[in-house]
Amino acid sequence: MRRETARRRQGTCGERQPGGGKRLRRRGPGALSSEAMEPPADTPPAWVRLRDPEPGELGWIVQRHGALYAAEFGWNQEFEGLVARIVADFAQDHDPHLERVWIAELDGAPVGSVMCVREDGAPGTARLRLLLVEPAGRGHGIGGLLLDAVVAFARSVGYRELVLWTNDVLTSARSLYERAGFTLVAEHPHRSYGVALTGQDWRLPLREGSPR
């Protein structure tokens with residue numbers, strides 16, 4: 001019961017290892033590169049960096065999830081409470097070698113987050129959680145960078161598979177999961193956060209020969 005209830009109902013559904021981040025310069029709409037190329041004179045450069053959370057930013061993850069999902073989908077405070085429990089569980093009890101949170105910065109301001117944690121009762125399985133990109137950060141490929149960071153990390157520490165739980169209304173996130181190779185394995189209607197939803201389980205094998 002350590003984290004299982006919160007995990008199963010979670011709705012959201014160039015990096016370095018802890019302590020640093022690689023900065024990426026935009027080369028036009030939606031294109032990111034680590035090369036130091038000058039943009040056109042009328043296009044200001046946009047710097048994207050993935051890094052560990054700084055003090056206070058776990059709270060920022062909770063606040064932004066609550067505010068954005070209320071504004072964009074009409075979800076109530078039940079969802080914010082769920083995110084708060086997920087974040088509190090991570091802060092109080094996580095293995096830094098197997099679990100991690102990333103913050104995405106755009107021009108020095110936090111605009112996104114994602115989390116990779118162990119799946120309770122399933123050795124070798126990691127769970128992706130709390131993928132979020134602020135409206136101000138959309139259109140820069142940040143969602144893909146965050147997702148790629150989780151997949152690369154999970155592979156590097158030896159997980160066999162990566163799973164996630166999301167809802168059907170989160171169409172942009174679902175497109176990212178499909179492009180990354182995730183497979184939809186189950187759907188279940190439910191009523192949560194004040195609305196009717198269809199929950200979805202997605203799975204990505206990380207090792208050759210892992211069953212689909």
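Values reported hereafter were calculated over all heavy atoms of this structure, with side chains retained and with hydrogens, waters and symmetry mates removed. Bear in mind the structure is a predicted one, so any value in this text is a computation, not a measurement.
Between Gly199 and Trp165, the shortest heavy-atom distance links the atoms CA-CZ2, 3.7 Å. Between Tyr193 and Leu82, the shortest heavy-atom contact is OH-CD2, 3.4 Å. Residues Pro53 and Ile103 approach most closely at CA-CG1, 3.7 Å, considering heavy atoms.
Heavy-atom contacts from other residues, nucleotides or ligands closer than 6.0 Å to CD of Gln63 number more than 12.
Applying the side-chain hydrogen bond (donor to acceptor under 3.5 Å, both in side chains) criterion to Glu187, with sequence neighbours excluded, gives Gln200. Every side chain to side chain contact (heavy atoms under 4.5 Å, CB included) that Glu54 has, sequence neighbours left out, goes to Arg51, Glu57. Legend: residues meeting side chain to side chain contact (heavy atoms under 4.5 Å, CB included) with Ala180, ordered by chain and number and at least two apart, are Leu147, Phe182. Residues passing the side chain to side chain contact (heavy atoms under 4.5 Å, CB included) test with His188, sequence neighbours excluded: Ala186, Asp201. Every residue was checked against the side chain to side chain contact (heavy atoms under 4.5 Å, CB included) condition with Ala136, not counting sequence neighbours, and none meets it.
Results of the side-chain contact (heavy atoms from CB on, under 4.5 Å) test with Trp202 over Leu184, Leu162, Leu128, Val185 single out Leu184 as the only residue that passes. Of the listed residues (Arg127, Arg207, Arg203, Arg155), just one forms a salt bridge (charged side-chain N to carboxylate O under 4.0 Å, His left out) with Glu161, and that residue is Arg203.
Leu206 has its side chain within reach of Val151: a pair of non-hydrogen atoms, C-beta onward, lies under 4.5 Å apart. Within the 4.5 Å cutoff, the side chain of Leu68 has no heavy atoms near those of the Phe73 side chain.
Residue pairs that meet the salt bridge (charged side-chain N to carboxylate O under 4.0 Å, His left out) test with at least one member in residues 163-173, sequence neighbours left out, do not exist here. For residues 131-147, the salt bridge (charged side-chain N to carboxylate O under 4.0 Å, His left out) pairs, not counting sequence neighbours, are Arg64-Glu134, Glu72-Arg138.
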Start with the C-alpha distance between Tyr159 and Thr125, add both sets of side-chain angles, then the distance that settles side chain to side chain contact (heavy atoms under 4.5 Å, CB included), and finish with yes or no. CA-CA 6 Å; Tyr159 285 113; Thr125 298; 5.6 Å; no
Test side chain to side chain contact (heavy atoms under 4.5 Å, CB included) on Ser192 and Glu78; report intermediate values, then the result. CA-CA 8 Å; Ser192 301; Glu78 178 189 349; 4.2 Å; yes
Side chain to side chain contact (heavy atoms under 4.5 Å, CB included) between Leu145 and Val48: does it pass, once the steps are laid out? CA-CA 9 Å; Leu145 287 174; Val48 176; 3.7 Å; yes
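Aromatic ring orientation, Tyr69 versus Phe79: tilted (interplanar angle from 30° to 60°).
Residues His94 and Asp89 have side chains that never bring a donor and an acceptor to within less than 3.5 angstrom of each other.
Distance check: Ile86 CD1 to Leu130 CG gives 5.0 Å after rounding to the nearest 0.5 Å. In this structure, the separation between CD on Glu105 and CZ on Arg49 is 4.5 Å, given to the nearest 0.5 Å.
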